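These notes are about the structure you will find just below.
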Amino acid sequence: MNEIVTERPHLFEPNIYIAVCVEMAGKVCPQKLAAAVKQAFEANEATMSKIMLENGYAYYEKIPESCCKIELENENKKWTELVSQNEKIPFAIDKGELVRAFIIPLEDSTQIMIMAHHLAGDGKSIIYFVKDIMNALSGIPLTYKPFTLLGRNLPQKGLSVTAKLYAHYCKHKWNNHFFTWRDYYNLHNKYWKTVSSDIRCETLSVEETQEIIDNAKKIGCSVNSCLVTQFLQKYPKRCEVGIPVSVRQSQNEAMSNLTSGIRINYKYDAGKTFAENAARVHKRIARALQRNKLFVLQFLAELPVTLIDAVLLHTYNCYHNRLAEKTARVMSYCGKNKRELGVTNLTLLDIPAYYGNYEIKNIIFVPPAVSYCKNVIGVSTINGRMTIAYHNIKKQ
């Protein structure tokens, strides 16, 4: 059984949608593109599955035909408008609707906007899904890709004594109350009645992108550390930054959630140079990776799964329980531990830009504005250009 364990926070999270906009050169036949998307759905176990929820257990179950959606946009809507429109419509993950694809014909180019529930996979998964679409479009046969689920098969080493004790305490105290699809839909609808996404994107030139890369090399740190430092410059106080970390094995292009996360606390020191601040940030990130790379996944695997659901429902006033309230604070869903900033950098996208007669000009990656983080930034680089997407939630 493909049980949902380390991915469990995604189940009831109301804002858990990954958006990827693919900009293609020239006009592409919409029907041919739709057929390629359908082939990509059929080639991945994630998009040929529905989510089952039974007596507290959640798992993926294969279905004979994909229930993911393909739509041709004819109303001249921008892709960001489609995100805002569709985030208010809950994904029917219980029926197998884990991805929605929108084909947007433009005057001299074509866009595909992919909106995926996080249970379909992480950010890299959606990029590999784009590769499947482009291969299918250019006539290359696709190979079926099964899930890679981490589940409870994680090394025990590295989980702190405090975390183990808290997980043990939760198992002892939790009443094992479980929730239903009615709770899932109620929470989603309640959340999106008063808020909407605010998405802003900026694509740097080849020269600007190369300048960032060269500056990082000169400082002796990663491009990601440089970017995080640039964002930290804008915060006057000490800031907690969440950084997703891929634990995907090389050559694994399956649509799966293979991402952990680390966090650092840092206050930008205006009395020091940018390079000095970036070097310090880089050291903190390196230390967190060495010590806590798998911590988030290990901790989630130890908690009662239905308590994780309760945390999300408590966060949005749909369920009241003292242990759920306490655990929500521990998991940063509320209180002072909530992260100010999240930075997801997919780095240089490891897929081709050219597929026969077709070319990807740009890919914009927008990570979900999850409940434990106030502001989220997504970064992707292809064709020598970096795109930065800013995603937060605004009240209507």
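Model, not experiment: these values are computed from the prediction.
Under a hydrophobic-cluster definition in which Ile, Leu, Val, Met, Phe, Trp and Tyr are linked whenever side-chain heavy atoms come within less than 4.5 Å, directly or via other members, Val370 and Val245 are assigned to different clusters. By the criterion of side-chain heavy atoms lying less than 4.5 angstrom apart, applied directly or through intervening Ile, Leu, Val, Met, Phe, Trp or Tyr residues, Tyr319 is grouped together with Ile308 in one hydrophobic cluster. No continuous path of ILVMFWY side-chain contacts below 4.5 Å connects Val247 to Ile262, so the two sit in separate hydrophobic clusters. If you chain together hydrophobic residues whose side chains sit under 4.5 Å apart, Tyr372 and Phe295 fall into the same group. Neither Val305 nor Leu159 shares a network with the other; the hydrophobic side chains, linked directly or stepwise wherever heavy atoms of I, L, V, M, F, W or Y lie under 4.5 Å apart, form separate groups for each.
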**Asked** Passes side chain to side chain donor-acceptor pair (under 3.5 Å), Tyr59 versus Glu54? Steps please.
**Response** CA-CA 9 Å; Tyr59 55 94; Glu54 295 179 352; 3.1 Å; yes
**Request:** Begin with the C-alpha distance, continue with both residues' side-chain angles, and end with the deciding distance and a verdict on side-chain contact (heavy atoms from CB on, under 4.5 Å) for Ile103 and Ile70.
**Result:** CA-CA 8 Å; Ile103 298 167; Ile70 307 169; 4.2 Å; yes
**Message:** Would Tyr17 and Phe91 count as a ring pair (Phe, Tyr, Trp, His ring centres under 6.0 Å) here? Give the steps.
**Reply:** CA-CA 9 Å; Tyr17 306 128; Phe91 274 49; 4.7 Å; yes
**Message:** Between Glu61 and Ser49, does the side chain to side chain donor-acceptor pair (under 3.5 Å) criterion hold? Intermediate values first, please.
**Reply:** CA-CA 5 Å; Glu61 183 176 274; Ser49 299; over 6 Å; no
**Item:** From CA spacing to verdict: salt bridge (Lys or Arg N to Asp or Glu O under 4.0 Å), Glu302, Lys164
**Value:** CA-CA 8 Å; Glu302 290 296 314; Lys164 289 179 181 177; over 6 Å; no
**Message:** Is there a side chain to side chain donor-acceptor pair (under 3.5 Å) between Tyr333 and Thr327? Walk through the geometry before answering.
**Reply:** CA-CA 9 Å; Tyr333 282 88; Thr327 307; over 6 Å; no
**Message:** For Asn135 and Tyr358: C-alpha separation, side-chain torsions, deciding distance, then whether side chain to side chain donor-acceptor pair (under 3.5 Å) applies.
**Reply:** CA-CA 10 Å; Asn135 278 333; Tyr358 302 98; over 6 Å; no
**Request:** Report the C-alpha separation of Cys226 and Ile219 in whole Å, then their side-chain angles, then the decisive distance to 0.1 Å, and conclude whether the side-chain contact (heavy atoms from CB on, under 4.5 Å) test is met.
**Result:** CA-CA 9 Å; Cys226 260; Ile219 295 168; 3.8 Å; yes
**Prompt:** Can Tyr235 and Tyr268 be said to form a ring pair (Phe, Tyr, Trp, His ring centres under 6.0 Å), step by step?
**Reply:** CA-CA 7 Å; Tyr235 288 88; Tyr268 190 90; over 10 Å; no
**Message:** One pair to check against side-chain contact (heavy atoms from CB on, under 4.5 Å): Phe299 and Leu303. What are the steps and the verdict?
**Reply:** CA-CA 7 Å; Phe299 184 57; Leu303 288 175; 3.8 Å; yes
**Trace of the ring pair (Phe, Tyr, Trp, His ring centres under 6.0 Å) decision for His168 with Tyr166** = CA-CA 5 Å; His168 180 76; Tyr166 186 78; over 10 Å; no
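Surrounding CZ of Arg238 are more than 12 heavy atoms belonging to other residues, nucleotides or ligands, all under 6.0 Å away. The neighbour count for Lys338 NZ, taken as heavy atoms of other residues, nucleotides or ligands under 6.0 Å away, is above 12. No more than 12 heavy atoms of other residues, nucleotides or ligands sit less than 6.0 Å from atom NZ of Lys173.
Side-chain atoms of Asn317 and His320 form a donor-acceptor pair, as typed in the model, at a separation below 3.5 Å. A donor-acceptor contact under 3.5 angstrom links the side chains of Tyr128 and Asp350, judged on distance only. Under the 3.5 Å distance criterion, with hydrogens and angles disregarded, a donor-acceptor pair is assigned to the side chains of Ser125 and Arg248. Inspection of the Asn362 and Asn383 side chains reveals no N or O donor paired with an N or O acceptor under 3.5 Å. Asn257 and His118 form a side-chain donor-acceptor contact under 3.5 Å, judged by distance and modelled atom types alone. A donor-acceptor contact under 3.5 angstrom links the side chains of Ser205 and Glu208, judged on distance only. For the residue pair Asn321 and Glu325, no side-chain donor N or O sits within less than 3.5 Å of a side-chain acceptor on the partner. Between the side chains of Thr180 and Asp183, at least one donor N or O sits under 3.5 Å from an acceptor N or O. Side-chain polar atoms of Ser138 and Asn357 form no donor-acceptor pair below 3.5 angstrom. Glu45 and Asn2 share a side-chain donor-acceptor pair at under 3.5 Å. Between the side chains of Thr306 and Asn176, at least one donor-acceptor pair of N or O atoms lies under 3.5 Å.
Salt bridge absent: Asp269 and Lys267 never bring a charged side-chain N and a carboxylate O closer than 4.0 Å. A salt bridge does not link Asp108 to Lys27: none of the charged nitrogens lies less than 4.0 Å from a carboxylate oxygen. Remark: Glu23 does not engage Lys361 in a salt bridge, criterion side-chain N to carboxylate O under 4.0 Å. Salt bridge absent: Glu71 and Arg100 never bring a charged side-chain N and a carboxylate O closer than 4.0 Å.
Glu7 places a side-chain N or O within 3.5 Å of a backbone atom of Val5 that can act as its donor or acceptor partner. Of the possible donor and acceptor atoms, none in the side chain of Gln290 sits under 3.5 Å from a partner among the backbone N and O of Arg287. Put simply, the side chain of Trp174 never gets that close to the backbone of Pro304: no donor and acceptor are under 3.5 Å apart. Formation of a donor-acceptor pair under 3.5 Å by the Ser256 side chain with backbone atoms of Thr148 is found in this model.
For Tyr60 and Phe147, the distance between ring centers is under 6.0 angstrom.
Remark: Arg280 is not positioned above the aromatic ring of Tyr266, lacking an NZ or CZ atom under 6.0 angstrom from the ring centre and at most 45 degrees off the axis.
From Leu137, atom CG reaches atom CE of Met24 across 5.0 Å, with rounding to the nearest 0.5 Å. The CG atom of Leu341 sits 11.0 Å away from atom CZ of Arg339, with the distance rounded to the nearest 0.5 Å.
Checking Ile364, Leu106, Val28, Leu82 one by one against Gln111, the side-chain contact (heavy atoms from CB on, under 4.5 Å) holds for a single residue, Leu106.
In this structure, Val161 shares a hydrophobic cluster with Leu165, the cluster being traced through Ile, Leu, Val, Met, Phe, Trp and Tyr side chains under 4.5 angstrom apart.
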